[in-house]
Amino acid sequence: MSAQPTDMRAIMAASPVMPVIVIERIEDAVPLARALVAGGIRVLEVTMRTAVALDAVRAIRAAVPEAITGMGTIVKPADVDAAMDAGAAFGVSPGSPDALLAHILERAFPFLPGTMTPTDVMRVLGFGFDAMKLFPAAQAGGLGMLKALSGPLPQARFCPTGGVDIKNAAEFLALSNVGCVGGSWLAPANLIAAKDWGAIERLAREAAGLRQP
Ligand code: 3PG
């Protein structure tokens, strides 16, 4: 197995874009991951929104070990345990309730807690996390919000997600407090349903080019 970073900032640095992935059919998990990795996108967020999500992480970990496979849409402490049992390398949540943050720290799981306001950011920093998701990024104020947060709270590093796509990703990545961006555009439901792995690889290659290695 290739080396897997265990620090959340190092995971963010491993890919400019973290694809937000929804797997409906388990047989799509490995070919999708292979297409993204072939295009140069190594960090994957498999959302815990479907019955096969945990099995998808297990399958990708086994068949595509060069991927850094995380679990998204973690909303409660038990989800952290399930994601870790499945072998997820990191986790992502849409928000940051105290009980969830405390459990993540107890389990020492690399994590991006969701934030949307300065108070969220301050609470998450207070728990000891210095990397976090800004969600939903567009509705939270997008580029302007991130620039405003960089003044008083420069120690927070963000993965803005929600309304980010290939057209605006470069502007987000140029900000001093953005480590990577998240988005569903690299794994669209229609291309997965059509098993068009070539098209997904091309989307990944375009996204990987957003930041030169
Ligand atoms: C999600 O969790 O589905 C993300 O917010 C994806 O947002 P996007 O579809 O705007 O990329």
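Both ligands and their constituent atoms are indexed starting at 1 by order of listing.
Looking at every heavy atom in both residues, G163 comes nearest to A138 through CA-CB, 4.1 Å.
Looking from atom 11 (O) of ligand 1 to the surrounding protein, the closest heavy atom is S184 N, 2.9 Å. Distance from atom 7 (O) of ligand 1 to its nearest protein heavy atom, with residue and atom name: G162 CA, 3.6 Å. Protein heavy atom nearest atom 1 (C) of ligand 1, with residue, atom name and distance: R49 NH2, 3.2 Å.
Using a 4.0 Å cut-off between heavy atoms, E45 makes no contact with ligand 1 at all.
Residue Q139 places no heavy atom under 4.0 Å from ligand 1.
The CE atom of M132 sits 8.5 Å away from atom CE of M12, with the distance rounded to the nearest 0.5 Å. The CG atom of D196 sits 9.0 Å away from atom CG of L203, with the distance rounded to the nearest 0.5 Å.
Side chain of N177 to backbone of L146: a donor-acceptor contact under 3.5 angstrom is found. Using a distance-only test at 3.5 Å, with no hydrogens or angles considered, a donor-acceptor pair links the side chain of T50 to the main chain of I23.
Evaluated by nearest non-hydrogen atom to atom 10 (O) of ligand 1, the leading choice among G163, A138, G114 is G163.
Using a 4.0 Å cut-off to heavy atoms of T161, the atoms of ligand 1 that qualify are 4 (C), 5 (O). Near F135, with a cut-off below 4.0 Å to any heavy atom, the atoms of ligand 1 are 5 (O). For ligand 1, the atoms lying closer than 4.0 Å to a non-hydrogen atom of G183 are 11 (O).
Salt bridge D165/K167: present, at least one basic N to carboxylate O contact under 4.0 Å. With respect to the salt-bridge test (charged N to carboxylate O, under 4.0 angstrom), the residues E201 and R205 qualify.
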